[in-house]
Amino acid sequence: MFRKVLIANRGEIALRIISACKELGVRTVAVYSEADRNSLHVRFADEAICIGPPRSAESYLNVPAVISAAEIADVDAIHPGYGLLSENANFAEVCRASNIKFIGPPPEATRLMGEKEKARQAMKKAKVPILPGSDGVIGSEGEAIEWARTVGFPVILKAKAGGGGRGMRVVRSEAELPNLYQQASSEAANAFGNGELYMEKFIERPRHIEFQVLADEHGNVMSLGERECSIQRRHQKLIEEAPSLQVTPKMRDEIGRTIRKSLENIGYQNAGTIEFLMDEDGKLYFIEMNTRIQVEHPVTEMVTGIDLVKAQLRIASGERLSSILTEPLTIRGHAIECRINAEHPEKFTPSAGRITAYNLPGGNGVRVDTAQYAEGVVPPYYDSLIAKLICHGKDREEAMNRMQRALDMFVVQGIHTTIPLHQKIFADEDFRAGKFDTKFMEHFFERQKQS
Ligand code: MV4
């Protein structure tokens, strides 16, 4: 195991990683921006180094500053958390060149999965189901029309370098294709510096279901089951749960087996998430892979009993999956996570400022991952996530009831949060019945306006 690890992140995930290191007897080094001087990740790490001004580009995303801190503190490894530098293959390469272990997949795997169309073809080769679409990127408008005729309308144009919904256009007829092709391409060029597009059959009302995987550095891969993440707004997830009501044990086994083979072929290492869309017939199709630990990893931890961040550290220090996962995988009960953001609940605008009162719920089956505290300040420079409230129960009903009482006991004063929104969602009949897809929040807000 490592002697000392630098955590190249902030907020709740930095604390989550510090916790895992402490449990493994690993020393920790925090890095922080001038805006995060009084943060808990600074307080609970063994050492802390200021790496620059508040803006992320000048601190948490500043590769020379992070690497310098790692060298000064003499760490063996860096954990990037999620966001920030976590899916930056160049950063992983700089770590490698500096003899510092990057706790994550090799840069080659990150690069492959970052090129969405290459990832799609790699999965297709390994017999993971993908949607009908173009073979590779589309060379021209004319080629786009040819593919659309083959696939059949509606289709969706997506950016090869994309993610997060940017550079995407739904095309419903041949007449509107040229315009939408140009729009998607220039949006992608602006956002990602690459305007190349590919095409897929468009699913009108998909569910978003993702599979958690762990892979060691000896060629072994394991699937840890799925998470249901359809409750989102503007590509920001609000609620995640495990397992999915829509996934049968047979589907879980089949998908698990194929993604395991495909990741073994690719030479994937460490934690990762494979995203699928589920169509109206309950069929799953690969869309993309995230090569990092994700925000919603706790729901998988709660139902499997596996500490995913400790597993990441043990894998990166060379341990085999067989020594980390010593018992056969079982899915126990049901877990749900609510993302608590510092936002106005209806307008979804950031709500930075000082927290004047903070009471965390607890008790049976309740977990809160947060780096906030009473009198703490939410700076305006970063992601607005301030806490994750995770409830586990023997079944979905118990987990939901537990969530409702925990939301009632979660007090945040001084700033606005998404707690009132979650209280309304957990009172919604359709949500409680598991009747939802990725369009749920749009319809939910429409219903709220009417009543
Ligand atoms: C799709 C789709 C429908 N059909 N692809 C949005 C973000 C990007 N990661 C993939 N996205 C979608 N891809 C096909 N072929 C609908 C979406 C989509 C979506 C996906 C997951 C969760 C929320 C979403 C919200 C809107 C659109």
Side-chain angles (χ1 to χ4, degrees), residues 82-83 86-87 113-121 123-124 128-138 144 147-148 150-173 177 180-181 183-184 187-188 191-192 194 196-211 226-242 244 246-247 272-292 294-296 299 337 339 348 425 431 436-446:
Y82 52 68
S86 62
E87 290 178 287
M113 295 307 170
E115 298 185 46
K116 307 295 171 186
E117 175 49 31
K118 279 202 187 143
R120 204 172 106 86
Q121 296 305 326
M123 290 295 167
K124 183 182 176 184
V128 178
I130 61 167
L131 287 157
S134 58
D135 290 331
V137 292
I138 303 165
W147 279 119
T150 324
V151 172
F153 290 97
V155 297
I156 184 167
L157 293 165
K158 294 185 176 182
K160 166 190 170 173
R166 273 188 302 178
M168 277 183 10
R169 287 293 183 283
V170 178
V171 188
R172 297 188 180 277
S173 71
L177 196 144
L180 294 174
Y181 182 89
Q183 280 178 27
E187 193 175 304
F192 316 112
N194 184 331
E196 287 181 286
L197 305 176
Y198 65 102
M199 184 185 290
E200 276 175 1
K201 179 85 188 166
F202 179 65
I203 303 183
E204 294 283 355
R205 306 191 57 145
R207 284 177 175 256
H208 176 148
I209 292 170
E210 59 186 31
F211 279 70
E226 79 287 351
R227 296 185 283 262
E228 155 67 64
C229 308
S230 297
I231 308 291
Q232 54 81 43
R233 189 185 127 113
R234 294 189 192 155
H235 304 295
Q236 291 283 47
K237 293 169 187 154
L238 283 167
I239 298 171
E240 304 97 345
E241 54 183 287
S244 163
Q246 318 302 317
V247 175
T273 297
I274 313 209
E275 293 188 4
F276 291 85
L277 294 184
M278 182 181 267
D279 70 7
E280 292 81 352
D281 300 330
K283 286 214 274 294
L284 287 167
Y285 302 93
F286 169 82
I287 51 166
E288 46 190 86
M289 178 165 189
N290 301 317
T291 55
R292 59 165 192 273
Q294 290 196 256
V295 174
E296 59 272 27
V299 293
E337 171 179 284
R339 294 192 188 191
F348 275 79
I425 298 171
F431 174 77
F436 53 77
D437 54 45
T438 51
K439 289 254 160 71
F440 178 82
M441 288 310 295
E442 277 172 53
H443 298 296
F444 181 81
F445 285 116
E446 282 304 312

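In this text, all values refer to a predicted model and were calculated from it rather than measured experimentally. Start at 1 and go down the list; that is how both ligands and their atoms are numbered.
- Between F431 and F436, the ring-plane angle classifies as parallel under the 30° and 60° cut-offs.
- Ligand 1 is never approached by K237 to a heavy-atom distance shorter than 4.0 Å.
- Atom numbering of ligand 1 starts at 1 in the shown order; those under 4.0 Å from a heavy atom of Q232 are 23 (C), 24 (C), 25 (C).
- Within 6.0 Å of the NZ atom in K118, the count of heavy atoms belonging to other residues, nucleotides or ligands does not exceed 12.
- Distance from atom 4 (N) of ligand 1 to its nearest protein heavy atom, with residue and atom name: I203 N, 3.0 Å.
- In this structure, atom 13 (N) of ligand 1 lies nearest to the protein heavy atom K158 NZ, 3.1 Å.
- Side-chain atoms of S134 do not come within 3.5 Å of backbone N or O of Y198 as any donor-acceptor pair.
- The contact set between ligand 1 and K201, taken as ligand atoms under 4.0 Å from a residue heavy atom, comprises 4 (N), 14 (C), 15 (N).
- With a 4.0 Å cut-off on non-hydrogen atoms, E204 does not touch ligand 1 at all.
- Taking only nitrogen or oxygen atoms, main chain and side chain alike, E288 reaches within less than 3.5 Å of ligand 1.
- Closest heavy-atom approach to atom 19 (C) of ligand 1 among the candidates T438, I287, D279, N290: T438.
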Under 3.5 Å, which donor-acceptor pairs do the side chains of residues 153-163 form with other protein atoms, sequence neighbours left out?
{"from": "K158", "atom 1": "NZ", "to": "E200", "atom 2": "OE1", "distance (Å)": "3.0"}
{"from": "K160", "atom 1": "NZ", "to": "E115", "atom 2": "OE1", "distance (Å)": "3.3"}
{"from": "K160", "atom 1": "NZ", "to": "E196", "atom 2": "OE1", "distance (Å)": "3.4"}

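- In this structure, R169 contributes its side chain and L177 its backbone to no donor-acceptor pair below 3.5 Å.
- Residue H235 holds the heavy atom nearest to atom 26 (C) of ligand 1 of all those in R234, H235, M441.
- Between E240 and R227 there is no salt bridge, since no side-chain nitrogen of the basic residue lies less than 4.0 Å from a carboxylate oxygen of the acidic one.
- Summary of contacts: the protein heavy atom closest to atom 21 (C) of ligand 1 is H208 ND1, 3.4 Å.
- At the top of the distance list for atom 20 (C) of ligand 1, counting protein heavy atoms only, stands L277 CD2, 3.9 Å.
- A salt bridge links R172 with E204: the closest approach of a Lys/Arg side-chain nitrogen to an acidic carboxylate oxygen falls below 4.0 angstrom.
- At a distance under 4.0 Å, no protein heavy atom can be found next to atom 17 (C) of ligand 1.
- Under 3.5 Å, the side chains of T273 and E210 contain no donor-acceptor pair of N or O atoms.
- When each atom of ligand 1 is checked for a heavy atom of L131 under 4.0 Å away, the hits are 15 (N).
- Under a 3.5 Å cut-off, the side chain of D281 and the backbone N or O of K283 do not form any donor-acceptor pair.
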